[in-house]
Amino acid sequence: MRLSMIDNLVIVESPAKAKTIEKILGKEFHVTSSMGHIRDLSKKDFGIDLKNNYRPEYIVPDDKKKIVSELKKLVKDAKMVWLASDEDREGEAIAWHLSQELKLDPAKTRRIVFSEITKNAIQSSIQNYRNIDENLVNAQQARRILDRLVGFELSPVLWKKVKPSLSAGRVQSVAVRLIVEREREIINFKTSSSFKAIGTFEYKDGNNKNHQLKAESNKKFNDKKDAVTFLEKCIGSTFKVLDVTKKPSKKSPSPPFTTSTLQQEASRKLGFSVAQTMSIAQKLYEAGFISYMRTDSVNLSQFALDSIEKVIKKEFGNEYAHIQNYITKTKGAQEAHEAIRPSYVEKREIEGNNSEKRLYDLIWKRTVASQMSDAQFEKTIANIEVSKASEKFVAQGEVFKFDGFLKLYIESSDEENEEETKGLLPPLIVNQILSPIEILAIQRFSINPPRYTEASLVKKLEELGIGRPSTYAPTISTIQNRGYVIKEDREGKQRQFITLKLKGSEITELSQLEHYGKEKAKLFPDNIGMIVNDFLVEYFKEILDFNFTARVEKEFDDIASGKMQWTKMIDSFYKPFHKNVENTLEVSDYSKGEKELGIDPVSGKPVIVRMGRYGPIVQIGENVAHSEEKPKYASLLKGQQLETITLEEALELFNLPRKLGDFEGKEMIVSIGRFGPYVRHDAKFYSLKKDVDDPYKISPERAIEIIVDKRETDKNRIIKTFKEDPDIKILNGRWGPYISFKKLNFKIPKGSEPSSLTREDCLKIIESPQVKKKQRNNK
DNA sequence: CAGTGAGCGAGCTTCCGCTTGACTT
């Protein structure tokens with residue numbers, strides 16, 4: 001079916017948005033989408049003519065050619081083209097690129113903008129059309145060109161001075177820096193401990209009724225001696241209530257979700273990675289369940305506010321509604337969209353898989369809670385005097401007066417705060433004498449700064465105004481893909497802590513174990529991340545500065561408001577920057593993170609760690625040209641870092657390969673290869689079991705066991721072969737049975753019995769279109 | 001991801017922001 005003459009063609013960025021808008025505008029308007037940017041800088045020679053005042057060379061990337069040719073067809077038939085891309089710098093540039101690439105006639109082209117998809121907003125935008133804002137477009141061109149210059153000049157410096165294929169950029173390099181510097185803070189963190197006293201007291205009130213309460217000392221004690229001294233003073237002291245203060249307090253709801261806060265809460269509450277959150281949100285958006293998921297705005301449309309108010313009043317009662325619009329405080333926010341909210345808040349639940357349901361539920365609760373009343377408390381603080389000591393005890397209580405938004409939604413926090421003993425306090429009166437039941441002084445250790453999670457890194461970047469909602473998730477992926485950063489769990493450790501207990505007039509000491517330092521899905525810098533970071537911070541301080549983006553953003557704003565010419569801005573940045581690049585190429589050494597750990601007691605030679613071609617290594621002795629004596633090398637184990645490895649750990653690496661004695665007349669040798677620790681026997685390799693066997697300590701008996709076990713599983717490996725076709729084999733693998741065919745492997749569909757498959761069945765699986773598609777995608 | 005434990009050296013790698021594709025006639 002071909003659409004006849006379309007009078008009005010509207011072009012937006014996203015197809016899902018196009019669908020909704022078309023419904024609103026009716027059949028006189030055809031709404032289509034550009035799928036974001038349709039042109040980009042060519043990759044040849046930067047795509048920038050440096051000799052010609054930074055003239056950009058734009059091309060249509062291959063994956064956009066189809067869209068552009070379709071748009072060209074549509075435009076030809078239209079009497080009026082409405083460019084409705086987002087109301088921000090990038091959106092303005094998209095509109096401009098469209099007008100250029102589609103060669104739109106200015107007389108038949110109108111630029112319109114709306115930041116919410118409602119009938120009113122869209123119809124009024126049609127009334128208030130304008131021309132493309134060239135200053136804003138120039139600000140975007142400056143942004144794009146600056147990023148290209150930085151990225152495409154810095155990355156090759158790294159290829160020459162550190163390692164090929166590495167990358168650097170205005171956003172990613174600062175993200176890595178944050179993680180590297182945080183890790184160093186943690187490495188250098190000196191744990192200290194102190195004691196805090198917690199007393200349990202009781203008293204009888206006028207009606208002879210017994211009450212109990214807990215109170216904490218108002219001061220910490222630096223060491224055990226001070227804590228004991230305090231407890232000794234408590235013996236025979238009287239404990240008197242000095243004062244009781246009551247004051248009201250309140251807690252307000254958080255604003256509705258932006259991309260960044262959604263990623264943070266989905267990470268804390270649901271354990272999603274930022275990429276997971278975004279792809280689930282995309283599904284919800286495409287299904288029409290939520291508004292657009294890439295936004296920095298906390299604004300809600302009047303339509304949304306009205307329907308949320310109705311829902312709150314119906315579900316919770318009138319006193320729970322407190323309709324308000326929040327103000328976006330984020331640095332550099334462009335606010336082209338609404339906050340992330342349910343499209344129809346009346347819809348409490350959606351159809352979809354479990355993750356989609358959970359994310360929708362989170363968005364629903366957060367949105368509705370944002371329009372609910374403050375929670376009201378009454379806080380009580382009582383100071384308790386200790387007659388023989390200058391320190392006091394403080395009892396704190398908190399009572400709900402009104403739960404407000406907390407009835408629906410409690411925001412999580414990144415800090416794992418210690419539980420405080422806050423609850424209801426019994427009625428206290430001044431000068432009341434309390435009798436101590438027991439007083440504990442518990443040793444508490446200071447906690448190092450927390451490592452970043454993906455989501456808390458996004459939060460930090462957003463605070464610095466670095467990156468945009470559409471790039472948070474890809475940036476986090478990039479720094480992991482380059483090997484700069486690894487997302488990992490870490491086992492916690494154990495330590496002892498002391499509890500001193502005063503009961504009656506006796507002080508006893510108790511030693512207990514506590515777990516600490518357990519990490520889940522935290523970002524750790526890897527060796528190469530640290531080396532690259534140190535190199536960039538040393539030679540390109542300006543770019544790596546946390547305020548670099550903020551500074552250039554200011555200049556982009558000046559371009560947007562017509563106060564500055566974009567080519568001048570780029571020129572004054574690029575001239576000194578490029579000079580610095582050339583200078584760095586000349587003066588800097590090849591950077592491999594080299595560090596001397598000490599002297600090898602056996603040979604008397606220095607022990608050096610550094611990055612080798614295939615990863616981090618340790619060497620004994622220097623590499624002297626033309627010398628016959630070569631240094632000895634050993635690779636670092638997985639998880640060992642150049643930054644933290646000790647001399648002892650480094651020397652231990654040379655205890656491999658280790659001879660383990662003979663088995664069946666052949667020697668067994670233990671060592672560590674690319675794929676981890678192994679035993680070699682009779683020219684065959686047998687992997688040691690991860691986290692079970694230690695190559696430095698494994699016994700010959702255990703090694704033989706591993707060899708025999710492996711032979712057994714290998715025997716069971718072959719399920720079926722075909723005489724007529726030796727290329728096809730049905731095998732048992734780590735993930736169950738599979739078909740092996742000329743170095744390629746194929747899953748066996750559910751429900752088929754592997755041993756009864758015929759050659760024809762196998763060929764069918766190998767030739768099936770789904771499998772072929774998958775192979776293409778893996779390329 | 002499907003089973004390794006080597007070592008020549010050509011040619012390529014890379015940025016940040018917008019956005020979802022994918023398949024015939």
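It should be emphasised that the depicted structure is a prediction, and the values quoted were computed from it without experimental measurement.
If you check B:dT13, B:dC16, B:dT20 against the side chain of A:Tyr285, the one that comes closest is B:dT20. When distances are taken from the side chain of A:Gln172 to each of B:dG5, B:dC15, B:dT19, the shortest belongs to B:dC15. Side-chain proximity of A:Met293 to B:dT20, B:dC16, B:dG5: nearest is B:dT20. For A:Tyr678, taking side-chain heavy atoms from C-beta onward, the closest of the listed nucleotides B:dG5, B:dT20, B:dC18 is B:dG5. Distance from the side chain of A:Arg468 is smallest for B:dG17 among the nucleotides B:dG17, B:dC15, B:dT13. The nucleotide whose nearest atom lies closest to any side-chain atom of A:Arg144 is, among B:dT19, B:dC16, B:dG5, B:dC16. Which of B:dC15, B:dA22, B:dT19 sits closest to the side chain of A:Tyr292 comes down to B:dT19. Side-chain proximity of A:Ser687 to the nucleotides B:dC18, B:dT14, B:dG5 is greatest for B:dG5. For A:Ser155, whose side chain is taken as the heavy atoms from C-beta onward, the closest listed nucleotide among B:dC15, B:dG5, B:dT20 is B:dC15.
For the OP1/OP2 pair of B:dG5 and a distance below 4.0 Å, the side-chain nitrogens and oxygens of A:Ser671 include no atom meeting the criterion. An OP1 or OP2 oxygen of B:dG17 is reached within less than 4.0 angstrom by a side-chain nitrogen or oxygen of A:Arg170. For A:Ser470 and B:dG17, the shortest distance from a side-chain N or O to OP1 or OP2 is not below 4.0 Å. Residue A:Lys66 has a polar side-chain atom (N or O) positioned under 4.0 Å from OP1 or OP2 of B:dA22. A:Gln140 has no side-chain polar atom (N or O) that falls below the 4.0 Å cut-off from OP1 or OP2 of B:dG17.
Comparing A:Thr471 and A:Leu166 by the nucleotide of DNA chain B whose heavy atom lies nearest to each, the residue mapping closer to the 5' end is A:Leu166. Two residues, A:Ala168 and A:Arg294, neighbour DNA chain B, and the one matched to the more 5' nucleotide by heavy-atom proximity is A:Ala168.
Atoms CG (A:Asn481) and P (B:dC15) sit 10 Å apart, rounded to a whole Å. The separation between A:Leu146 atom CG and B:dC15 atom P is 15 Å, rounded to whole Å. Spacing between atom NZ of A:Lys163 and atom P of B:dT14 amounts to 12 Å, rounded to whole angstrom units. Between the OH atom of A:Tyr686 and the C1' atom of B:dG5 there is a distance of 13 Å, given to the nearest Å. Going from atom CG of A:Leu41 over to atom P of B:dC18 covers 15 Å, rounded to whole Å. Between the NE2 atom of A:His97 and the P atom of B:dT19 there is a distance of 15 Å, rounded to whole Å. Between A:Phe577 atom CZ and B:dC15 atom P there is a gap of 14 Å when expressed in whole angstrom units. Spacing between atom CD1 of A:Ile94 and atom C1' of B:dT20 amounts to 13 Å, rounded to whole angstrom units.
Note on A:Pro156: a base of the nucleic acid sits closer than 4.0 angstrom, heavy atoms only. At the heavy-atom level, A:Tyr472 lies nowhere under 4.0 Å from the strands shown. Residue contacts for A:Val171: at a heavy-atom cut-off of 4.0 Å it reaches the sugar-phosphate backbone alone, with no base atom in range. Among the atoms of the strands shown, only primed sugar atoms or phosphate atoms (P, OP1, OP2) are found under 4.0 Å from some heavy atom of A:Gly467. Among the heavy atoms of the strands lying under 4.0 Å from A:Gly169 are primed sugar atoms or P, OP1, OP2 only; no base atom is included. Residue A:Ser279 is out of contact with every strand shown, counting any heavy-atom pair closer than 4.0 Å. Residue A:Arg89 is classed as having no contact, given no heavy-atom separation below 4.0 Å to the nucleic acid. A:Ser167 comes within contact range of the sugar-phosphate backbone alone, with a heavy-atom separation under 4.0 Å but no base atom that close. Within the nucleic acid shown, A:Arg482 comes within 4.0 Å of sugar-phosphate atoms alone, with no base atom in reach, counting heavy atoms only. Nucleic acid contact for A:Glu153: none, since no nucleic acid atom lies under 4.0 Å from a heavy atom of the residue. At the heavy-atom level, A:Arg148 lies under 4.0 Å from base atoms of the strands shown.
Residues passing the salt bridge (Lys or Arg N to Asp or Glu O under 4.0 Å) test with A:Arg143 are A:Glu90, A:Asp147, sequence neighbours excluded. Remark: A:Asn481 pairs with A:Ser477 by the side chain to side chain contact (heavy atoms under 4.5 Å, CB included) rule, at least two apart or across chains.
An aromatic stack links A:Phe152 and the base of B:dT14, using centre distance under 5.5 Å and interplanar angle under 30°. A stacked arrangement is not assigned to A:Trp159 and the six-membered base ring of B:dT14, the conditions of a centre distance below 5.5 Å and an interplanar angle below 30° not being jointly met.
Remark: aromatic rings of A:Tyr686 and A:Tyr678 are distant, center separation not under 6.0 Å. For A:Tyr539 and A:Phe535, the distance between ring centers is under 6.0 angstrom.
Every stem involving DNA chain B, taken as at least 3 paired positions in a row under the Watson-Crick or G-U wobble test at 3.5 Å, would be listed here, but there are none.
For the pair A:Arg551 and A:Phe548, the NZ or CZ position fails the cation-pi test of under 6.0 Å to the six-membered ring centre and within 45 degrees of the ring normal. The cationic group of A:Arg177 lies under 6.0 Å from the six-membered ring centre of A:Phe546 and within 45° of the ring axis, placing it in a cation-pi geometry.
Remark: A:Lys554 does not engage A:Asp557 in a salt bridge, criterion side-chain N to carboxylate O under 4.0 Å.
Across every non-hydrogen atom of A:Asp526 and A:Gly483, the tightest pair is CB-O, 3.4 Å. Between A:Lys17 and A:His337, the shortest heavy-atom contact is NZ-NE2, 4.1 Å.
For the side-chain hydrogen bond (donor to acceptor under 3.5 Å, both in side chains) with A:Glu454, the lone residue among A:Gln276, A:Gln480, A:Gln263 that qualifies is A:Gln480.
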